[in-house]
There are 2 protein chains.
Amino acid sequence: MLPSKNSYTDIKEIVLARIRDHTWPPGSIIPGEIELAEEFGCARATVNRAMRELAEDGILDRKRKAGTRVNKSPVRHAKFAIPLVRIEVESTGAAYRYTLLNKKIFIAPAWLRARLSLGDSAEVLHLQCMHFADNTPFQFEDRWINIDAVHNIENADFTTIGPNEWLVNEMPFTDVEIAFSARVADKKLAEYLSLSIGEPVFTTERITWLSGTPITFARFSFGRGYSLKTRF
Amino acid sequence: MLPSKNSYTDIKEIVLARIRDHTWPPGSIIPGEIELAEEFGCARATVNRAMRELAEDGILDRKRKAGTRVNKSPVRHAKFAIPLVRIEVESTGAAYRYTLLNKKIFIAPAWLRARLSLGDSAEVLHLQCMHFADNTPFQFEDRWINIDAVHNIENADFTTIGPNEWLVNEMPFTDVEIAFSARVADKKLAEYLSLSIGEPVFTTERITWLSGTPITFARFSFGRGYSLKTRF
DNA sequence: ATATGCCTTATGTCTAGTCATAATATATAC
DNA sequence: GTATATATTATGACTAGACATAAGGCATAT
């Protein structure tokens, strides 16, 4: 029986403390919600919220009937904000500028069909564009859009607004896959980003789907020294 | 007045749909929880949960009294799992092997003191180690630990268990900063990771604190072709 | 021994309230 | 006009219940 004042954040703290001092060692099952609610002198819903959030953070593993366990390998979850490039640039105080380099409709190449599970003759809109911060190259965007899946695509000219921003506003999506990697600058990329050939380039790739239908594949290549940060 | 069956996920869907079809354009204020609860025929708590989760996802911006607004720049949040290297390697089916390369106590160098806000004569334990997947280099770990902040550090020899795994099990932390970037392989790194000098290396850096006290700084350099993926 | 279905149980979700708190808007005092 | 106190209001947190659902375990029939 603990003192009266117990919020769900307090409960989270207590549970975390018990995990850290090995009262509840990794892999062990912890008492049920009802029992904990009694111990903490609060409603089960309050315990539930605390436990749910700890499970979302990867600290606990919950299963109906099976109960709640302390996660064996403390997989931490880092949350990254994925803002629009424009916002990201503007938030540094720099002026944002956008340029469309290429825009053309293709039959999807084999590698793209494989990535997006597209049919043999699927048409895609291929766009290449640059995002600048105070006129220094910030990001090169290489994007393919599945034309069949995106309504209204013919009404977008992408000369003033980037495909990312357009899609975010016009096109809903349900699933996203993001990958981060380090790549080598080839001739084209070096030229666009004012790099030397062979320089490392921080790259993110994104695929989005709308309930199973692939919408778009995009590769973002960042300028020299870019670093994606998060704190939590 | 909508049909009866309304869960908080349904409400999220409806709200998202209204944002996407511009019923509630970006920046606009949306009806209060009580009003929405009436419309959807459910309790305010249910609307609250839907709205809270949408706010956590960066879709909405909520403030007491001010009300709930559609976020102007739809900042999406990507969640990455940060597992232990060992688990990451083992999950690919490969055999994990760990080697300690160096272990020595130093007076913290200036750049580290600046990063961790350490005093002039603070002592740090510097460790370098390798993580292998099936005997191919997977990750090089370069780690500095603030000795004053970590109890029991003298009892850890780090020959069989990596510092990351040891710290996760022994040392609580409250704040983490993670940065991702692409770097160039220098001579040492190329040697450790079986790369050529100048090759791009995917790098993550991590700093952790325990309620304001810096615990450790670590830089992880990954082998060729590594890519950090997430899906949500 | 094995497969099927039922029962139990812990979590998941929900309701209809209450009280708390932060931020705005308004009224008041100077 | 400006600063300060006050009322209002929307979200935040919580309670004590309820029913839903998934999954483990047990009993039964084959």
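A note on names: the letters A, B, ... follow the listed sequences, proteins ahead of strands, and every chain is numbered from 1.
Taking all atoms of both residues into account, the shortest heavy-atom contact from Cys42(B) to Ile11(B) is SG-CD1, 3.7 Å.
Heavy atoms from other residues, nucleotides or ligands lying under 6.0 Å from CD1 of Ile34(B) number 12 at most.
Contacts of Glu205(B) classified as salt bridge (charged side-chain N to carboxylate O under 4.0 Å, His left out), with partners at least two apart in sequence or in another chain: Arg115(B), Arg183(B), Arg219(B). Applying the salt bridge (charged side-chain N to carboxylate O under 4.0 Å, His left out) rule to Glu53(B) yields the partners Lys12(B), Arg49(B); only residues at least two apart in sequence or on another chain are considered. Contacts of Arg62(B) classified as salt bridge (charged side-chain N to carboxylate O under 4.0 Å, His left out), with partners at least two apart in sequence or in another chain: Glu33(B). Shown here are the salt bridge (charged side-chain N to carboxylate O under 4.0 Å, His left out) partners of Arg52(B), two or more places apart in sequence or in another chain: there are none.
One interatomic measurement links the two molecules: NZ of Lys63(B) to P of dA20(C), which rounds to 25 Å at whole-angstrom precision. Atom CG of Asn48(B) and atom P of dA16(C) are 15 Å apart (whole Å). If you take CG of Asp61(B) and P of dG12(D), they are 10 Å apart, rounded to a whole angstrom. Remark: C1' of dC14(C) and CZ of Phe40(B) are 16 Å apart, rounded to the nearest angstrom. For Arg52(B) and dA10(D), the CZ to C1' distance is 15 Å, given to the nearest whole Å. Between Arg49(B) atom CZ and dA16(C) atom P there is a gap of 18 Å when expressed in whole angstrom units. Between the CD atom of Glu33(B) and the C1' atom of dA20(C) there is a distance of 14 Å, given to the nearest Å. The CD atom of Glu38(B) sits 15 Å away from the C1' atom of dT15(C) (whole-angstrom rounding).
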Please list, pair by pair, any protein nitrogen or oxygen found under 3.5 Å from a nitrogen or oxygen in nucleotides 6-9 of chain D.
| unit_1 | atom_1 | unit_2 | atom_2 | d |
| --- | --- | --- | --- | --- |
| dT9(D) | O4' | Lys65(B) | NZ | 3.4 |

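Listed pair Tyr8(A) / dA13(D) meets the phosphate criterion, a side-chain N or O lying under 4.0 Å from OP1 or OP2. For dA13(D), neither phosphate oxygen OP1 nor OP2 lies less than 4.0 angstrom from any side-chain nitrogen or oxygen of Thr46(A). Distances shown here put every side-chain N or O of Arg44(A) at or beyond 4.0 Å from the OP1 or OP2 atom of dT11(C).
Applying ring pair (Phe, Tyr, Trp, His ring centres under 6.0 Å) to Tyr226(A) and the options Phe180(A), Phe220(A), Phe202(A) leaves one that passes, Phe202(A).
Here the nucleotide nearest the side chain of Arg62(A), chosen from dG12(D), dT11(C), dT15(D), is dT11(C). You'll find that the side chain of Thr68(B) is closest to dT11(D), out of dT15(C), dT11(D), dG12(C). The side chain of Ala45(A) sits closest to dT15(D) out of dT15(D), dG12(C), dG12(D).
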Based on Watson-Crick and G-U pairs with both distances under 3.5 Å, what dot-bracket line describes DNA chain C 5' to 3', crossing pairs as [ ] and inter-strand pairs as |?
||||||||||||||||||||||||||||||
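Contact of the Ile153(A) side chain with the Phe158(A) side chain is registered, since non-hydrogen atoms from C-beta on lie closer than 4.5 Å.
In this pair, Phe217(B) and Trp144(B) present their aromatic rings tilted. The plane angle is within the 30 to 60° band.
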